[in-house]
Enquirer: 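Encoded as structure tokens, here's the structure I'll be asking about.
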Amino acid sequence: MEKNQIVELEITDLSYEAMGVAHYEGLTVFVNNALPGETVKAKILKVKKRFAFAKIEKILKESPDRINVKLNQWVQTGLASLAHIKYDKQLEFKRNQVVNLLKKAHLDGVKVNETLPSPEQTGYRNKAQVPVREVNGQLEIGFFRRHSHDLVPLTNFFTTDPEIDRVLVATRDILRKYEVPAYDEIHHKGEVRYLDVRRSKANGKLMVILVCLHKDFPQLPKVAAEISQIPEISSVILNYNPKKTNVILGRNDYVVLGEDHLIDKIGDVEFRISPKSFFQINSLQTPRLYDLAIKKADLKANDVVVDAYSGIGTIGLSVAKHVKAVRGMETIREAVEDANANAKLNGIENAQYVTGKAEDVMPRWASEGLKTDVIFVDPPRKGLTPEFINAAAATKPKRIVYISCNPATQIRDLQLLQEKGYHFDEISPVDMFPQTPHVESVTVLERTEE
Ligand code: SAH
């Protein structure tokens with residue numbers, strides 16, 4: 001097999017990145033956007049020792065699960081790489097990810113529930129971070145083509161709140177009007193690198209963050225003033241990112257106009273959110289995720305609860321009024337400040353958050369003799385560390401509720417927790433990110449009485 005060769009392939013499976021999988025002359029071939037059950041004429045793009053990549057030239061037999069995508073760019077850019085699959089099949093795809101990972105780990109006995117569907121399947125995101133670049137002599141917003149930094153101009157981002165799209169486009173037009181240069185990645189010059197726009201579902205207010213190469217630029221006062229005139233804008237922030245890096249946000253934020261935070265709500269708890277703080281992006285699905293996690297926790301009025309990887313305290317503060325005490329930790333200082341401010345904002349006096357790595361703070365608490373009843377963990381993709389797991393188990397919680405955005409590391413950690421005397425018998429996938437391959441999952445571990 002060689003590059004540019006045209007081959008006929010039968011797609012038998014979907015990879016975890018949602019590429020069609022076929023087998024040809026002993027090679028595994030990954031075909032962009034092809035679906036199981038389809039027969040395609042494909043062009044080979046790249047050949048490695050044991051696998052190859054290909055793209056569809058023509059679909060010879062189409063899957064009944066395929067739907068027409070209004071804009072091909074959504075799929076091409078990876079903004080919504082599952083958009084060509086019917087929603088119920090997307091849910092099945094996510095459940096299967098978990099099933100397959102369990103099988104690999106020889107945990108076939110664990111029950112995997114149906115994926116909890118998202119109330120909104122498009123327009124669900126309360127935040128968008130979109131690159132700004134010059135394309136054909138004009139400043140554009142859009143998304144990078146998959147595996148590249150070629151900007152594909154877009155005005156409809158499909159998975160984001162349409163109100164956010166409206167503000168992104170209006171801001172783009174203001175930047176064009178004042179001839180603000182887009183960031184030029186190759187020469188590391190220009191000005192605006194990204195637009196980051198967030199919207200509170202609770203009150204409709206929006207925050208616009210201009211991610212810039214410099215702290216200031218000549219047109220900034222006029223640009224900010226005009227952005228603040230867009231209906232419902234409550235803050236214009238400049239994020240200063242002078243580095244040559246793919247990381248979107250720089251360390252420092254400057255409020256140019258308006259507030260330094262947004263206010264949103266989950267259930268009946270109010271949250272203040274700073275630009276640096278993590279906040280769940282699917283506003284309508286988040287309370288359903290938390291409800292599921294909290295139900296599994298089976299909390300009692302006398303419980304001591306830990307909210308690990310707490311962000312702005314959304315999980316701990318949602319349960320604080322029903323338990324004795326909540327303690328949480330998180331690495332981002334601004335998020336911890338938000339968490340403690342959020343406790344006050346909601347009249348909660350039994351919750352306390354500290355800045356630090358979970359793998360450092362938990363061992364400290366354990367050595368101080370802390371005893372816990374329920375620990376919630378909600379780590380980033382890399383999951384927990386053995387240090388955290390040992391210390392968490394040493395505080396003897398009855399239950400550990402594990403919320404994960406990466407089932408592979410979750411299952412790895414569940415096995416480590418099993419060795420510490422905790423058992424689990426089911427995992428519930430929750431769809432937080434429709435149209436994308438991201439899988440969120442929740443499980444509860446119970447201490448096995450010795
Ligand atoms: N539970 C929160 C946040 C989950 S996202 C919510 O539902 O909104 C994961 C959080 O873990 C982020 O806020 C991130 O800043 C934080 N984090 C990342 N690495 C960490 C570590 N080693 N220790 C503690 N927190 C960490």
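Predicted model only: the values in this text are computed from it and were never measured. Start at 1 and go down the list; that is how both ligands and their atoms are numbered.
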Enquirer: So which atom in Pro434 and which in Thr159 form the shortest heavy-atom distance, rounded to 0.1 Å?
Expert: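 That closest heavy-atom pairing would be O-CG2, 4.0 Å.
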Enquirer: For a quick test of reading the model, state the closest non-hydrogen atom pair linking Asp303 to Val323 and the distance between them.
Expert: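 Heavy atoms only, the tightest pair is O-CB, 3.5 Å.
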Enquirer: Would you tell me whether Gln435 and Gln121 have side-chain atoms, one donor and one acceptor, within less than 3.5 Å of each other?
Expert: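 Absent: no donor and acceptor within the cut-off.
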Enquirer: Out of curiosity, Leu345 CG to Asp338 CG, how far, rounded to the nearest 0.5 Å?
Expert: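 Between Leu345 CG and Asp338 CG, I get 10.5 Å after rounding to 0.5 Å.
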Enquirer: Any donor and acceptor pair, going by atom type alone, linking the side chain of Arg399 with main-chain N or O of Asp298 inside 3.5 Å?
Expert: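 It does hold such a pair.
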Enquirer: Parallel, tilted or perpendicular, judged at 30° and 60°: which one describes the rings of Phe433 and His438?
Expert: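 Plane angle over 60°, so perpendicular.
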Enquirer: Listing by chain and number, which residues have a heavy atom under 4.0 Å from ligand 1?
Expert: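 Around ligand 1, where the cutoff is 4.0 Å for heavy atoms, the contacting residues are Phe278, Gln280, Tyr290, Tyr309, Ser310, Gly311, Thr314, Ile315, Glu330, Thr331, Ile332, Gly356, Lys357, Ala358, Glu359, Asp378, Pro380.
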